[in-house]
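Here's the structure we're looking at; comments come further down.
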Amino acid sequence: MDRESGNFRLGDTVSEDGKRVAPLNYEAADLTTHGVIVGMTGSGKTGLAIVTLEEALVAGVPVLILDPKGDMPNLRLTFPDFAPSDFRPWVNEGDAQRDGISVDDLAAREAQMWQDGLASWGLGSEDLHALRGAADITIYTPGSLTGVPLNIVGDLSAPETGGDTETASAEAAAFVTGLLGLVGIDADPLASREHVLLSNLVGHAWANGQPLDLATLIAQTLDPPIRKLGVFEVDTFFPANERRALAMRLNSLVASPTFAGWTEGPPLDIQSMLYTADGLPRASILYLAHLSEPERQFVVSLVLSKVITWMRAQPGTTDLRALLYMDEVFGFAPPTANPPAKSPILTLLKQARAY
């Protein structure tokens, strides 16, 4: 990080014969809109992203990372002392056997290779210590207890929107779309009775300051606390026997032994994922590789909708306040379909351009 200019050093420019010419810096302020990294498989997209994220952390910019593929926990693999013992758990025993050396020798060779490689870029132990000390890196594993679990659905508290009902409605819609996707219902927010009912139930609880969790929401599906949906009575719009079928599907989800992982851990709160209680920057990685496609869609849509709510509550600035990164968007914003995550992704892109 070039602290004097506020630039991120992404690498060096090179001459035609492959020699390094000058540092390649990227203005951090350019990331206040949005950016995309494209390239062939194996071309180094994730590597470029990791360098950018590391530069942001050293600069004191918090990062929130959505990781459907499972590559981003590598951000934690920084070994400032280049001790072979630090590298040993991460080397491949098969490589040592093929090279005819011990695992300890392979670890020592890897440590020396990384130390020499970083030194060729003018980086050393001091720089890695600065990166490690810049921010706490937490790996969240929603739906699993493997890493730090994340309470995605245990508490459906009303968002702090300052009276912005449109933002609250968008967050409720994102939650309902993802939830219905988990039980196999491809719900259109306008045409689906299931979506209309659940969105109204969530909105009603939030508007009236009532506590809400998934169990309460399922119970209200059977006995709604509202009389009408649009101009029709609830029982006309969505008959009781059909509401019961919906409630049974949702209850089967909650009753599943694997569902417990969705209600464990700290609540999903963007502010606390970006900053400590003392206001220091954090790096939060949401590891999603272990989830099914509907589950990934659910988490991404819910997290991004909460990012939008958080973003709209912030005062204006020309500085880069936080960096949101998603490693691989394939399947989340296709041109010919509307999966749950697509709407908040497009909203973020539109807002970024507007700001």
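Put simply, CG on N208 and CD1 on I226 are 10.5 Å apart, with the number rounded to the nearest 0.5 Å. The distance from atom CD1 of I37 to atom CG of L48, rounded to the nearest 0.5 Å, is 4.0 Å. Taking CH2 of W262 as the reference point, atom CG of L150 lies at 9.5 Å (rounded to 0.5 Å). Taking CG of L348 as the reference point, atom OG of S343 lies at 9.5 Å (rounded to 0.5 Å). Between D30 atom CG and T32 atom OG1 the span is 7.0 Å, to the nearest 0.5 Å.
Judged by distance alone, with hydrogens and angles left aside, the side-chain atoms of R243 form a donor-acceptor pair with the main-chain N or O of F238 at under 3.5 Å. Between the side chain of E242 and the main chain of P239, no donor-acceptor pair closer than 3.5 Å is present. Side chain of T167 to main chain of T309: no donor-acceptor pair is present (N/O by atom type, distance under 3.5 Å, no hydrogens or angles). Under a 3.5 Å cut-off, the side chain of D67 and the backbone N or O of M72 do form a donor-acceptor pair. Distance alone, capped at 3.5 Å, is enough to place a donor-acceptor pair between the T141 side chain and the G147 backbone. With H290 contributing its side chain and P142 its backbone, the two residues share a donor-acceptor pair below 3.5 Å. Judged by distance alone, the side chain of R282 and the main-chain N or O of D136 form no donor-acceptor pair under 3.5 Å. Between the side chain of S301 and the main chain of F298, a donor-acceptor pair closer than 3.5 Å is present.
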Check against side chain to side chain contact (heavy atoms under 4.5 Å, CB included), L198 and F175: CA-CA 10 Å; L198 294 179; F175 169 77; over 6 Å; no

N25 and R9: CA distance, side-chain angles, deciding distance, side chain to side chain contact (heavy atoms under 4.5 Å, CB included) verdict: CA-CA 4 Å; N25 294 323; R9 184 186 176 188; 3.6 Å; yes

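The ring-ring contact (aromatic ring centres under 6.0 Å, His included) test applied to H129 returns no partner, not counting sequence neighbours. Listed by chain and residue number, D99 satisfy the salt bridge (Lys or Arg N to Asp or Glu O under 4.0 Å) test with R109 (two or more places apart in sequence, or in another chain). Partners of Y140 under the ring-ring contact (aromatic ring centres under 6.0 Å, His included) rule, at least two apart in sequence or in another chain, do not exist in this structure. Applying the side chain to side chain donor-acceptor pair (under 3.5 Å) rule to W310 yields the partners Q271; only residues at least two apart in sequence or on another chain are considered. In this view, D81 satisfies the salt bridge (Lys or Arg N to Asp or Glu O under 4.0 Å) rule with no residue, not counting sequence neighbours. In this structure A283 satisfies the side-chain contact (heavy atoms from CB on, under 4.5 Å) test together with L57, V63, I137, sequence neighbours excluded. Take T263 and apply the side chain to side chain donor-acceptor pair (under 3.5 Å) test, not counting sequence neighbours, and it matches no residue. Under the side-chain contact (heavy atoms from CB on, under 4.5 Å) criterion, D17 pairs with S15, K19, sequence neighbours left out. Applying the side chain to side chain donor-acceptor pair (under 3.5 Å) rule to S125 yields no partners; only residues at least two apart in sequence or on another chain are considered.
Under a 4.5 Å side-chain heavy-atom criterion applied to ILVMFWY residues, the cluster that includes L145 comprises that residue alone.
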Would you list the atom pairs, donor with acceptor, under 3.5 Å between side chains in residues 321-334 and any protein atom, with sequence neighbours excluded?
unit_1: R321; atom_1: NH1; unit_2: P315; atom_2: O; d: 3.2
unit_1: R321; atom_1: NH2; unit_2: P315; atom_2: O; d: 2.8
unit_1: Y325; atom_1: OH; unit_2: D327; atom_2: OD1; d: 2.6
unit_1: D327; atom_1: OD1; unit_2: T46; atom_2: OG1; d: 3.3
unit_1: E328; atom_1: OE2; unit_2: F330; atom_2: N; d: 3.4

Which atom pairs, one a donor and one an acceptor, fall under 3.5 Å between side chains of residues 246-253 and the rest of the protein, sequence neighbours left out?
unit_1: R249; atom_1: NH2; unit_2: V183; atom_2: O; d: 2.5
unit_1: S252; atom_1: OG; unit_2: M248; atom_2: O; d: 2.9

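Using modelled atom types and a 3.5 Å distance limit, the side chains of T236 and E233 yield no donor-acceptor pair. Inspection of the Q297 and E293 side chains reveals an N or O donor paired with an N or O acceptor under 3.5 Å.
Under a 4.0 Å N-O distance rule, the pair E171/K306 qualifies as a salt bridge.
For the pair A205 and L212, the tightest heavy-atom approach, listed with the atom from each and the gap, is CB-CD2, 4.0 Å.
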